[in-house]
Amino acid sequence: MSTSNRAITEPRNTTIPSASARDKAAATSRRRFLGAGAAVLTTATLGAGGWLGAASRAAAQAAPSAPKARVVVVGGGYGGAIAAKYLKLADPDIRVTLIERNPYFVSCPLSNEVISGERDIDSLTFDYRGLTRRGIAVMQDEIVAVDPDAHYVRGAGGARYNYDKLILAPGVSFDYDPIDGMSEAVAESTIPHAWKAGAQTLLLRRQLEAMPDGGVVAIVAPPNPFRCPPGPYERAAQMALYFKHHKPKAKILILDAKDAFSKQALFQAGWQEHYGDMIEWVPGAAGGIIEAVDPKTRTLTGLVEDFQADVVNLIPHQRAAKLAVDAGLTDAAGWCPVDQQTFASEQAPDVHVIGDAAIAGAMPKSGYAANSQGKVCAAAVAAALNGEPPPAPSYVNTCYSILAHDHGISVAGVYELKDGRIVSVPGAGGLSPADADARTRAMEVEYAIGWFRNITADMFT
């Protein structure tokens with residue numbers, strides 16, 4: 001794998017490039033253990049009124065005038081894209097419409113490597129052309145309202161999309177209120193969270209590049225539950241990887257609302273092995289809880305002491321996306337309770353919620369969990385529309401973290417439905433071995449890249 005930094009560019013809205021050179025160089029070795037490797041999408045022209053709108057109109061026109069049923073899927077990420085695809089595979093006679101506000105998708109998994117300079121953001125960017133070729137109508141629109149009683153959703157421009165079944169994969173929204181001084185405007189301009197890959201990812205990268213050697217980065221990790229539990233700690237490692245080669249006197253503070261985190265022992269051992277004392281984790285009980293931030297001075301006010309940093313990466317508290325909240329699909333904690341066999345909302349039975357917004361038992365809020373839920377939900381919806389009972393569900397999750405060029409770790413989970421709840425299968429899954437040798441750690445990096453190539457190919461082709 002290349003250790004050189006590559007240019008980081010804004011995602012283009014004219015062309016979507018192929019995978020980065022790093023991915024291509026590793027493809028041959030990945031195929032040895034992943035079977036037939038899946039390629040990411042080839043270049044596709046976008047532009048206003050380009051292929052997205054034209055292909056979607058063509059798909060809609062080609063659809064039968066009287067479909068068996070109409071299913072609308074809102075959100076084209078790890079859960080929504082796969083749900084739309086697998087629903088169409090399950091029953092081609094169902095009219096499937098995928099509605100996504102953006103003309104392309106930028107992956108959060110592996111986006112920490114953009115922050116470190118190990119990959120460019122174009123390698124994480126995909127279009128929806130493959131789904132339109134499958135007969136799915138992909139509409140670029142922002143859904144702002146759901147009417148579960150009248151069975152329609154409404155777009156920002158007033159367009160109305162009627163459905164028999166609705167699958168929502170809206171993701172999370174960010175709650176800035178618990179930390180004084182934070183807001184969406186501050187996150188976009190000064191203190192990025194970069195917890196949705198895109199412009200803020202690039203802003204955070206630029207801030208690291210501008211920081212002096214000997215400077216301090218403060219990562220503020222949120223309380224549970226939140227999207228991608230290992231993410232802040234992988235991010236610290238990726239930042240340290242950049243600093244090790246370019247700013248070796250830098251320091252990274254992780255100010256955490258929690259007293260424990262995912263894969264903690266593996267992370268801390270890897271930090272020490274590769275970066276010495278560059279990374280310091282401050283748990284909540286030791287003063288890691290942050291109450292306020294001054295964006296101008298980048299001063300963080302904690303319960304015990306204040307912290308001064310050159311760069312602040314504050315990841316806010318999270319809850320289900322505003323669309324789900326406004327539709328009345330959330331509980332008092334801000335997440336969507338669902339039937340964990342079918343992902344049908346407890347508040348609206350013809351609305352299904354998958355991915356980060358849903359309460360899914362023992363499953364974490366991760367890209368692979370959303371992918372697994374999308375497939376289970378698609379099978380259940382297809383069965384319901386054909387007057388059949390839902391099939392027995394099967395759920396899985398794997399989460400890789402890359403700590404250095406040749407050091408990866410992972411956690412895997414296998415789940416089953418028991419007494420109406422998703423629970424872990426005893427003895428299945430688990431963590432990377434604590435005593436793994438260097439070759440095993442290096443292979444986990446290859447597995448991570450292979451996983452990404454295959455899951456995105458499954459989503460978009």
Side-chain angles (χ1 to χ4, degrees), residues 108 112 115 171-196 199-201 203-204 207-208 210-211 214-240 250-264 267-268 271 277-322 325 330-335 356-357 364-365:
C108 284
N112 282 332
I115 294 169
V172 301
S173 60
F174 300 104
D175 183 4
Y176 299 103
D177 292 342
I179 299 181
D180 291 342
M182 268 306 289
S183 66
E184 184 176 358
V186 169
E188 291 176 351
S189 63
T190 310
I191 300 179
H193 54 71
W195 221 238
K196 178 176 174 57
Q200 289 192 32
T201 310
L203 173 59
L204 183 55
Q207 290 180 345
L208 297 186
M211 191 186 85
V216 176
V217 176
I219 300 174
V220 181
N224 292 324
F226 66 101
R227 166 186 284 172
C228 190
Y233 316 99
E234 181 196 53
R235 178 168 290 179
Q238 285 291 316
M239 288 180 174
K251 178 82 172 179
I252 301 168
L253 283 175
I254 305 173
L255 305 173
D256 208 330
K258 306 176 294 300
D259 291 326
F261 59 88
S262 175
K263 297 184 277 191
Q264 181 171 341
F267 272 116
Q268 290 178 319
W271 293 341
D277 297 328
M278 183 180 286
I279 300 172
E280 179 184 352
W281 175 63
V282 183
I289 297 175
I290 298 302
E291 298 181 307
V293 60
D294 184 334
K296 293 182 179 179
T297 64
R298 290 181 169 84
T299 301
L300 294 156
T301 302
L303 286 175
V304 177
E305 62 179 306
D306 294 349
F307 302 89
Q308 181 74 46
D310 297 275
V311 175
V312 176
N313 173 215
L314 194 156
I315 304 165
H317 295 53
Q318 293 164 38
R319 59 190 174 199
K322 183 176 183 297
V325 176
T330 56
D331 62 8
W335 303 100
D356 295 337
K365 298 185 184 300

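In this chain, numbering begins with 1 at the start of the sequence shown.
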Can you tell me how far apart [atom1] ([X]) and [atom2] ([Y]) are? Round to the nearest 0.5 Å.
X	Y	atom1	atom2	result
L204	W195	CG	CH2	10.5 Å
I315	I179	CD1	CD1	10.5 Å
I279	I254	CD1	CD1	6.0 Å
K365	N224	NZ	CG	10.5 Å
D180	I290	CG	CD1	12.0 Å
I289	D259	CD1	CG	7.5 Å

Report task. Tell me, please, which residues at least two apart from F174 pass ring-ring contact (aromatic ring centres under 6.0 Å, His included). Result -> H193

Shortest non-hydrogen separation from [X] to [Y] and the atoms involved:
X	Y	value
P230	F267	O-CZ, 3.7 Å
R235	I219	CG-CD1, 4.3 Å
M239	V217	SD-CG1, 3.7 Å
A218	L255	CB-CD1, 4.3 Å
E234	N112	OE1-ND2, 2.7 Å
A236	W271	CB-CZ2, 4.5 Å

Query raised in the report: What do you reckon, is NZ of K196 surrounded by more than 12 foreign heavy atoms closer than 6.0 Å?
Result: no

Query - More than 12 heavy atoms from other groups under 6.0 Å of CD on Q308 - result: yes

Report task. Could you check if a side-chain atom of L253 sits within less than 4.5 angstrom of a side-chain atom of V216, using non-hydrogen atoms only? Result -> yes

Query raised in the report: Does some side-chain heavy atom of M211 sit less than 4.5 Å from a side-chain heavy atom of V311?
Result: yes

Under the side-chain hydrogen bond (donor to acceptor under 3.5 Å, both in side chains) test, which residues partner [X], sequence neighbours left out?
X	result
D175	none
S189	none
Q318	none

Report task. Going by the side chain to side chain contact (heavy atoms under 4.5 Å, CB included) test, name the single residue among D306, I191, V220 that passes it with L300. Result ->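 Result for side chain to side chain contact (heavy atoms under 4.5 Å, CB included) with L300: V220.
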
When you measure from the side chain of [X] to the backbone of [Y], do you find a donor-acceptor pair of N or O atoms at a distance under 3.5 Å?
X	Y	result
W335	R319	no
K251	E280	no
Q207	V312	no
S173	A320	yes

Query raised in the report: Does any pair with a residue in residues 286-317 pass ring-ring contact (aromatic ring centres under 6.0 Å, His included), and if so which ones, sequence neighbours excluded?
Result: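 Sorted result for residues 286-317: empty, none.
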
**Report entry** ring-ring contact (aromatic ring centres under 6.0 Å, His included): pairs with one or both residues in residues 219-238, sequence neighbours excluded
**Finding:** Y233-F261

Query raised in the report: Do the charged groups of D256 and K258 touch, with an N to O distance under 4.0 Å?
Result: yes

